[in-house]
Amino acid sequence: MGSDWNMMQIKEMAGLPVPGVLRLPEPGPGQVLVRLRAAALNFADLLMTTGRYQETPPLPFIPGLEGAGEVLAAGPGVDLAPGTRVAVQAQGTMAEANLFAAADCHPIPDGMSHDEAAGFLIAYGTSHFALTQRAGLRAGETLAVLGAAGGVGLTAVEIGAALGARVIAVARGADKLDIARAAGAAETIDSATCPDLRAALRDLGGVDVVYDPVGDAPGEAAFGALRPGGRFLVIGFAGGKPPALPLNHALVKNIAIHGFYWGGYRKLDPAALRQDIAALFSLYAQGRLRPHVGATLPLAQLAEGYDLLESRRSTGKVIVSL
């Protein structure tokens with residue numbers, strides 16, 4: 001993708017005329033029409049552009065998996081009144097307005113900006129649910145977070161610290177490690193200068209839980225630093241491929257490997273997902289979560305935003321203003 005992408009190609013992929021002309025549809029039963037003010041980029045967006053994501057929609061489609069704005073109109077059976085500010089988690093947020101299922105729209109707390117809300121649901125939802133429901137992270141345990149300054153990694157650092165864990169942040173470069181420390185990391189490891197990640201984690205006492213959105217060799221190395229009874233969270237593969245985890249070690253050391261795909265819980269257990277989202281908004285309202293927006297770009301620079309993700313130069317969330 002990279003620099004070969006431009007706004008004309010993005011509009012063509014979305015099935016929009018060039019220049020795009022927006023026609024506002026009427027919401028049907030259970031639907032709302034949302035005027036989007038901001039949308040967030042996710043690594044899944046990159047995978048969709050090449051058909052490598054597990055839920056890539058058929059062409060043409062509008063990019064974007066999450067965003068925020070105001071309800072313009074509501075269909076029958078919907079209790080979201082026009083003017084309600086909402087965060088949206090659904091396909092098609094990279095547009096000035098779109099129809100969404102009301103179940104995919106969540107009222108946001110007073111004081112939360114559209115930029116914060118646009119990138120809140122997937123990243124914080126992934127980390128909170130994975131750490132609390134899948135890994136059962138407890139206060140006093142040690143959590144290692146790979147890709148600790150990225151969109152989901154930074155939220156894992158923040159939530160892990162809020163849960164009382166000792167967080168070891170692994171990221172590339174001093175600037176990213178500074179951001180991770182500000183989010184609550186007690187220890188940091190610079191992956192750019194660390195010759196042996198497994199040894200470095202063991203030197204820090206080993207870990208109880210690994211949060212891995214990177215995969216590949218870093219994931220395998222962190223797995224090797226798990227203590228007996230540890231838990232390994234498979235979050236994603238930003239490094240290019242899954243880690244080659246030695247299952248014989250998982251057997252001998254009683255290590256649990258948890259795959260976690262946040263979007264899958266929309267069908268697997270939507271009630272649990274909505275409960276988790278409510279808990280996260282409550283934590284934000286209490287001032288315990290501070291979303292980090294690494295970059296805010298206009299829609300005309302959407303391709304540049306994709307490049308920030310693809311090159312792994314971004315920190316926190318990349319937001320597109322609409």
Side-chain angles (χ1 to χ4, degrees), residues 7 10-11 13-16 19-42 44-45 48 57 60-126 151 155 262-263 266 273-274 277-278 280-282 284-285 289-302 305-306 309 316-322:
M7 285 307 299
I10 291 167
K11 287 179 179 179
M13 183 179 74
L16 296 174
V21 176
L22 188 64
R23 296 177 181 175
L24 299 181
E26 291 290 330
Q31 289 185 319
V32 290
L33 177 64
V34 178
R35 168 58 172 107
L36 291 147
R37 302 292 180 178
L41 300 186
N42 289 278
D45 296 309
M48 283 187 183
F61 67 88
I62 297 174
L65 292 172
E66 58 180 338
E70 302 95 32
V71 173
L72 290 179
V78 175
D79 59 2
L80 291 171
T84 303
R85 298 189 327 128
V86 293
V88 181
Q89 200 284 298
Q91 181 69 50
T93 57
M94 205 67 63
E96 291 181 350
N98 208 345
L99 283 176
F100 301 103
D104 294 331
C105 301
H106 307 271
I108 60 179
D110 293 338
M112 177 177 269
S113 70
H114 286 125
D115 284 1
E116 290 177 323
F120 190 79
L121 292 179
I122 293 178
Y124 278 96
T126 294
T155 64
W262 187 83
R266 296 170 66 193
L273 200 64
R274 294 187 72 85
I277 289 170
L280 282 168
F281 280 136
S282 177
Y284 177 90
L289 300 178
R290 297 170 300 183
H292 176 79
V293 176
T296 302
L297 303 171
L299 184 58
Q301 293 177 245
L302 177 56
Y306 282 140
L309 288 189
K317 297 294 290 190
V318 177
I319 303 298
V320 173
S321 296
L322 301 167

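The nearest pair of heavy atoms linking Ala68 to Ala117 is CB-CB, 3.7 Å. The two residues Met112 and Phe120 have their closest heavy-atom pair at CE-CD1, 3.8 Å. Nearest heavy-atom pair, Asp45 versus Gly64, reported as atom, atom and distance to 0.1 Å: OD1-N, 3.6 Å. Across Val320 and Leu299, no two heavy atoms sit closer than the pair CG1-CA, 3.6 Å. Minimum heavy-atom separation, Ala40 to Gly119: CB-CA, 3.6 Å. The shortest non-hydrogen separation linking Ala123 to Gly151 is CB-O, 3.4 Å.
With values rounded to the nearest 0.5 angstrom, Arg85 atom CZ is found 13.5 Å from Leu80 atom CG. Separation of atoms CG (Leu72) and CG (Leu36) is listed at 9.0 Å; rounding is to 0.5 Å. One distance of note links CD of Gln301 with OG of Ser321; it measures 10.0 Å at 0.5 Å rounding. Separation of atoms CG (Leu41) and CD1 (Ile319) is listed at 7.5 Å; rounding is to 0.5 Å. Going from atom CZ of Arg266 over to atom CG of Asp104 covers 4.0 Å, rounded to the nearest 0.5 Å. Taking NE2 of His106 as the start and CG of Leu280 as the end, the distance is 11.0 Å to the nearest 0.5 Å.
Looking at heavy atoms from C-beta onward, Gln31 lies out of side-chain contact with Val78 at the 4.5 angstrom threshold. With contacts defined as side-chain heavy-atom distances shorter than 4.5 Å, the pair Leu322/His114 does not qualify. Using a 4.5 Å cut-off on side-chain heavy atoms (C-beta onward), Leu99 and Pro27 make contact. In this structure, the side chains of Trp262 and Leu121 come closer than 4.5 Å at one or more pairs of heavy atoms. Between Asn42 and Lys317 the shortest side-chain heavy-atom distance falls below 4.5 Å. Within the 4.5 Å cutoff, the side chain of Tyr284 has heavy atoms near those of the Pro291 side chain. Annotation: side chain of Asn98 is not in contact with side chain of Thr93 (no heavy-atom distance under 4.5 Å). Using a 4.5 Å cut-off on side-chain heavy atoms (C-beta onward), Leu65 and Gln89 make contact.
No donor-acceptor pair closer than 3.5 Å links the side chain of Gln91 to the backbone N or O of Pro57. Here the side chain of Thr126 pairs a donor or acceptor atom with the backbone of Ile122 at under 3.5 angstrom.
For the pairing with Phe100, the side-chain contact (heavy atoms from CB on, under 4.5 Å) check across Val86, Val71, Val34 returns one residue only, Val34.
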